[in-house]
Amino acid sequence: MKKLSALAALCFLIPGLVSAAPPNIVIILADDLGYGDLGCYGHPTIRTPNLDRMAAEGMRFTDFYVAAEVCTPSRAALLTGRYPIRSGMAHNQFRVLRRESLGHLPDDEITIAALLKKQGYATGAVGKWHLGNWMNNPAGHPMKHGFDFYFGLPHSNDMNGVPGKPKGEDNSTDPDAKWWQPPLFEGQKLLEQPTDQTQLTRRYAEKSVQFIRSHKGGPFFLYFASTFPHTPLFASEKFRNKTPRGRYGDVVEELDWAVGQILDTLRSEGLDKNTFVFFTSDNGPWLIRGLAGGSAGLLRDGKGSTWEGGMREPGIAWWPGKIPAGKVCHEVATTMDLLPTIAKFAGTNAPKDRDLDGVDIAPLLTNAEGTVKREAFCYYRGTELFAARLGPWKAHFITQAAYGAPKPEPHDPPLLFNLEADPGESFDVSAEHPEVIAKIKAAVEKHQATVKPVKNQLIETVAAKK
Ligand code: MG
């Protein structure tokens, strides 16, 4: 039996001190899934019965955010509870770690996995990592950052393109697998390269289920970070060409099936009443991919931008018996809240020796009427603060097109939107509300006074081409 921390053991021994043993934790992270791509968020033709059921049995957030508009910094924030600018994982040149990058999540960052491992949890990561490519630098491996099991790809599935790959193949709704050669790892071991991407979601689901079953004595933490619907899009035979939304829909429906496999396993193993599951995506839809990219629904823009479509995501919380069923939460919540919330659930504290940006949202999750005290939410692009939200109001100090040849466009006064009245950010009301802008500026100054940007030398460094 795994060694439990003194506090967790005490909770077991004194009934009533807490309601149950430390819960198992599962975080499921999609890649580039848009706000509008699930049935329960209004997509008319993509069928997501498992996620819809998860929302019906749990809590669905309408205002859930990630802390960056692209993969690497967003994942760093989720796992550490901090804006990536604090960990040195926000960078400007490449925006995300490249395949050749030497940089990685710094060794002194405390991930959710590291925190829970200390509490006696078994910790497993399945899927895309993108916080360091250990093929260049072993210090980037997930097993150096709190996980004791790993199965997946070190980075995005488009990062091992074969020379000669036709332009536009990434945007294809029927890409040819021969143009990519992603490596698949189990632990430190390279299993195969190229791996068959059509089988990835199925294999991720199988590994996740295996991990749950082999640690059903608990407690365990599973971090399942799907490779998809990031492009290029691949689905297994069972899901290919099955949806009116085309390959993008096929891929999302297979991911929904994988979620169903995980939730069904928790139910059949009798773990559902003691497992907290959270589903979200790392950033908004990749709009430049055309039909191969997703949709942010009524939100403006997508991946790569600090408009809502880039950073507001589906967010679904599930813990039958603990989180009331069928609730919709309109409070702001973020991936950075997961670390302090999970720490609380696990009977421990979030790290106190560093600035954390997440807040404990257990009061929202376990009591539908609860609220939490929250400062402004800041929208960063790289190391620059572009926008901030305070209550329903969002001010854009800088805007910039997500891709292409974008130039930052400063705004003084900032653009101002009331996201409750205007979630699509269509009507700038800055002229009518100077007092709101003053409040947001004060909140931003307060936040920035706490930020000491970390220079992560390796982050912009790439290995010499072999
Ligand atoms: Mg992504």
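Ligands are counted one by one from 1 in listed order, and the atoms in each one are counted from 1 as well.
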Cut-off 3.5 Å, no hydrogens considered: what does the side-chain donor-acceptor table look like for residues 105-112, sequence neighbours left out?
| from | atom 1 | to | atom 2 | distance (Å) |
| --- | --- | --- | --- | --- |
| E109 | OE1 | R82 | NE | 2.9 |
| E109 | OE2 | R82 | NH2 | 3.1 |
| T111 | OG1 | A113 | N | 3.3 |
| T111 | OG1 | A114 | N | 3.0 |
| T111 | OG1 | H145 | O | 2.7 |

message: Please confirm whether the ring centroid of W319 lies under 6.0 Å from the ring centroid of F345.
response: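 So the answer is yes for these two rings.
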
field: side-chain contact (heavy atoms from CB on, under 4.5 Å) partners for D301, two or more places apart
entry: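 D301 satisfies side-chain contact (heavy atoms from CB on, under 4.5 Å) with L287, S305, W307, A402 once adjacent residues are dropped.
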
task: Identify, with sequence neighbours excluded, every residue that meets side-chain contact (heavy atoms from CB on, under 4.5 Å) alongside V451.
output: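 Per chain and number, V451 pairs via side-chain contact (heavy atoms from CB on, under 4.5 Å) with I85, R86, Y380, H447, P453.
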
task: Identify whether the distance between the nearest side-chain nitrogen and carboxylate oxygen of E57 and R267 falls below 4.0 Å.
output: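 Result for this pair is yes, salt bridge flagged.
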
- prompt: Got a salt bridge between K394 and E425, using NZ or NE/NH1/NH2 to carboxylate O under 4.0 Å?
  reply: yes

- prompt: Using a cut-off of 2.8 Å, how many protein N, O or S atoms lie below it in distance from the Mg ion (ligand 1)?
  reply: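 Of the protein's nitrogen, oxygen and sulfur atoms, 6 lie under 2.8 Å from the Mg ion (ligand 1).
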
